[in-house]
Amino acid sequence: MKLFVAAAVAAGLLSAAPAFASADLAKAKNCLACHTVDKKLVGPAYKDVAAKYAGQAGAAATLATKIQKGGVGVWGQIPMPPNPQVSEADAKTLAEWVLTQK
């Protein structure tokens with residue numbers, strides 16, 4: 001079983017980080033100051049982000065870039081500030097976690 005899980009993680013079918021670890025990472029990186037899982041705060045709810053990007057190829061990479069570099073216009077005119085303190089690996093973990101929120 002461990003070999004199967006390791007292969008699935010390596011293939012990108014499963015995340016290596018458990019869901020609670022990613023929620024803790026979102027808290028640690030101050031993401032929850034502007035976002036929640038299920039309702040709009042300053043920025044969109046994570047479940048709305050997941051719905052918007054569902055099934056889109058490259059969605060995790062797109063979101064990881066937005067986490068690090070910021071953006072404006074996709075969800076209105078309130079900008080998401082850049083977060084250069086978030087490493088590329090952490091941004092990818094956060095993006096993958098956001099995409100699992102339903």
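Quick note: residue numbers are just sequence positions, from 1. None of the values given here were measured: they were computed from a predicted structure.
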Quiz item: Residues sharing Ile78's hydrophobic cluster, by side-chain heavy-atom contacts under 4.5 Å among ILVMFWY, directly or via others?
Solution: Val42
Exercise. Please identify each residue that fulfils salt bridge (Lys or Arg N to Asp or Glu O under 4.0 Å) with Asp90, with sequence neighbours left out.
Key: Lys29
Exercise. Start with the C-alpha gap between Gln101 and Asp48, add the side-chain angles, then the distance that decides, and say whether side-chain contact (heavy atoms from CB on, under 4.5 Å) holds.
Key: CA-CA 8 Å; Gln101 304 307 298; Asp48 294 335; over 6 Å; no
Quiz item: Which residues satisfy the side-chain contact (heavy atoms from CB on, under 4.5 Å) test with Ala59, sequence neighbours excluded?
Solution: Tyr53, Gln56, Leu99
Exercise. State the CG-OG distance between Leu94 and Ser87, to the nearest 0.5 angstrom.
Key: 8.5 Å
Name each donor-acceptor pair under 3.5 Å that joins a side chain in residues 32-39 to protein atoms two or more places apart or in another chain, with its distance.
from, atom 1, to, atom 2, distance (Å)
His35, ND1, Pro44, O, 2.8
Thr36, OG1, Lys39, N, 3.0
Thr36, OG1, Lys39, O, 2.5

Exercise. Working to the nearest 0.5 Å, report the span between OG of Ser22 and OH of Tyr46.
Key: 11.0 Å
Practice problem: Only counting residues at least two apart or in another chain, list the ones meeting side-chain contact (heavy atoms from CB on, under 4.5 Å) with Lys52. | Solution: Val74, Trp75
Self-check item: Value rounded to 0.5 Å, distance of CG in Leu63 from CD in Glu96
Solution: 10.5 Å
Exercise. Considering non-hydrogen atoms only, spot the tightest contact between Ala95 and Ala60 and give its length.
Key: CB-O, 3.3 Å
Quiz item: How would you list all residue pairs meeting salt bridge (charged side-chain N to carboxylate O under 4.0 Å, His left out) that involve residues 54-77, not counting sequence neighbours?
Solution: none
Quiz item: Is atom NZ of Lys27 surrounded by more than 12 heavy atoms (other residues, nucleotides or ligands) closer than 6.0 Å?
Solution: no
